[in-house]
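Each chain gets a letter, A, B and so on, in the order its sequence line appears, and its residues count up from 1. Bear in mind that the values here come from a model prediction, so they are computed numbers and not experimental data. Just so it is clear, the values below take in all heavy atoms, side chains as well, and ignore hydrogens, waters and symmetry mates.
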Amino acid sequence: METYTIKKGDSFELEDIFECGQCFRWNKIKEKTYIGVIKEGVVRAEEHEDKIKFTGKLVDGYDFKKVIRDYFDLNTDYASYKEILKNIDSYMGKSIEYGSGIRILNQDLWECIISFIISANNNIPRIKKIIENISKAYGKKIVFEEKEYYTFPDSVALSKASVEDLRKMGLGFRDVRVYNTTKMIVENKVDLENIKKLDSTEDMRNVLLTLDGVGPKVADCILLFSLKRWDVFPIDVWVRRVMNDLYIKRNDEKKVSKKEILELATKKYGKISGLAQQYLFYWKRGK
DNA sequence: GTCCAGGGAATCA
DNA sequence: TGATTCCATGGA
């Protein structure tokens with residue numbers, strides 16, 4: 001058992017971080033307390049008046065403080081980015097006020113890929129349930145404070161599952177996509193460590209797009225939530241809705257093309273479009 | 001019964 | 001390139 005405590009600051013709220021749709025393995029245990037399973041182990045995060053306390057149990061060989069600081073993006077100055085966005089327009093100001101405690105987590109690449117393949121045409125509660133099912137069936141058990149948790153399986157472990165096995169996890173039509181992508185990664189047709197070394201966002205995206213079940217939106221989520229690429233702007237039904245409601249104002253939002261939204265977002269938010277997208281998504285979708 | 005969910009792939013013009 | 005349709009599943 002290890003602990004690490006930080007000062008709270010003005011850009012750190014557990015609810016905003018965990019409920020803004022970027023992650024699927026954190027659950028609210030009680031008021032201002034969440035427990036989550038990340039790649040390295042189980043972590044409890046408690047919010048107090050002026051500090052955040054992390055308590056956890058990691059698998060061997062990890063530095064707790066280092067894992068927490070990296071995962072919660074604690075070396076990034078959100079206040080300065082918020083200041084830039086606030087000056088763009090009043091909508092941005094409102095959405096930042098609403099989700100002022102958001103931080104963009106740095107999640108494990110492999111887990112992020114599979115999680116967002118599962119997210120396609122799905123809803124958040126069910127996505128969480130499917131990921132939980134997969135972890136229970138193929139992940140490693142960790143006992144933390146007398147309760148059992150399961151890590152998300154690595155690619156080798158998940159490659160033991162057949163398409164039929166995956167279907168039993170509740171994946172629906174996404175079973176073949178998860179199966180194929182897992183196989184491509186295990187067989188090293190796509191090298192995840194190599195993706196991390198690429199320098200342009202576009203190069204990274206093009207590799208991700210070769211994976212079955214990874215299209216433009218899923219690729220952008222992976223780039224934003226795992227690869228620190230904030231110049232992307234994932235467009236889903238909610239983001240399309242909010243961008244149409246605020247700026248484009250077409251009668252039928254479904255007629256608004258992704259290209260049109262993307263051009264607008266890039267012009268307005270530039271290199272930090274991804275952060276802007278999270279504030280807008282969370283603001284529109286609600287807590 | 002109908003609609004919808006943090007879309008992608010296949011198909012066709 | 002761009003638009004349509006289908007894809008399992010579960011909850012509202």
I want to check a possible cation-pi pair here: A/K129 against A/F24, using under 6.0 Å from ring centre and within 45° of the ring axis as the test.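 No.
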
Over how many whole Å does the gap from [X] atom [atom1] to [N] atom [atom2] extend?
X      : N      : atom1 : atom2 : result
A/N122 : C/dC7  : CG    : P     : 17 Å
A/R174 : C/dG10 : CZ    : C1'   : 11 Å
A/R126 : B/dG7  : CZ    : P     : 12 Å
A/R240 : B/dA5  : CZ    : P     : 11 Å
A/F173 : C/dG10 : CZ    : C1'   : 13 Å
A/D252 : C/dA3  : CG    : P     : 12 Å
A/K254 : B/dC3  : NZ    : P     : 10 Å
A/D175 : B/dA9  : CG    : C1'   : 14 Å

Pair A/T201, A/D231: side-chain N/O donor-acceptor within cut-off below 3.5 Å: yes

Over 12 foreign heavy atoms within 6.0 Å of [atom1], [X]:
X      : atom1 : answer
A/K183 : NZ    : no
A/K128 : NZ    : yes
A/Y81  : OH    : no

Consider the side chain of [X], meaning its heavy atoms from C-beta on, and name the nucleotide among [options] that approaches it most closely.
X      : options              : answer
A/K255 : C/dC7, C/dT9, C/dT4  : C/dT4
A/K217 : C/dT9, B/dG8, C/dC7  : B/dG8
A/N121 : B/dG8, C/dG10, C/dA8 : C/dA8

Any base atoms under 4.0 Å from [X], or only sugar-phosphate, or nothing? Heavy atoms, all strands.
X      : answer
A/L211 : sugar-phosphate
A/F225 : base
A/P125 : nothing
A/C23  : nothing
A/F116 : nothing
A/G21  : base

Quick one: on DNA chain B, does A/L209 or A/W238 contact a more 5' nucleotide (nearest heavy atom)?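 Closer to the 5' end of DNA chain B: A/W238.
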
Carboxylate-amine/guanidinium contact A/D245 A/R250, below 4.0 Å: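 No, this pair does not count.
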
Would you mind pulling out the nucleotide paired to C/dG10, Watson-Crick or G-U wobble, both distances under 3.5 Å?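 Base partner found: B/dC4.
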
Strictly by Watson-Crick or wobble contacts shorter than 3.5 Å, is anything paired with C/dA3, and which nucleotide is it? B/dT11

For the P atoms, the ones on C/dA8 and on B/dA10, what distance do you get once it is rounded to whole angstrom? 14 Å

Tell me which one of A/T55, A/V43, A/I29 satisfies side chain to side chain contact (heavy atoms under 4.5 Å, CB included) with A/I35.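 Running side chain to side chain contact (heavy atoms under 4.5 Å, CB included) over A/T55, A/V43, A/I29 with A/I35 returns exactly one hit, A/I29.
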
What residues in residues 176-191 of chain A put a non-hydrogen atom under 4.0 Å from any atom of DNA chain B? A/R177

Holding to salt bridge (Lys or Arg N to Asp or Glu O under 4.0 Å), I want the full list of residues that pass it with A/K51, two or more places apart in sequence or in another chain. none

Test for a donor-acceptor pair under 3.5 Å between the base of B/dA9 and the side chain of A/D212, counting only N and O atoms. no

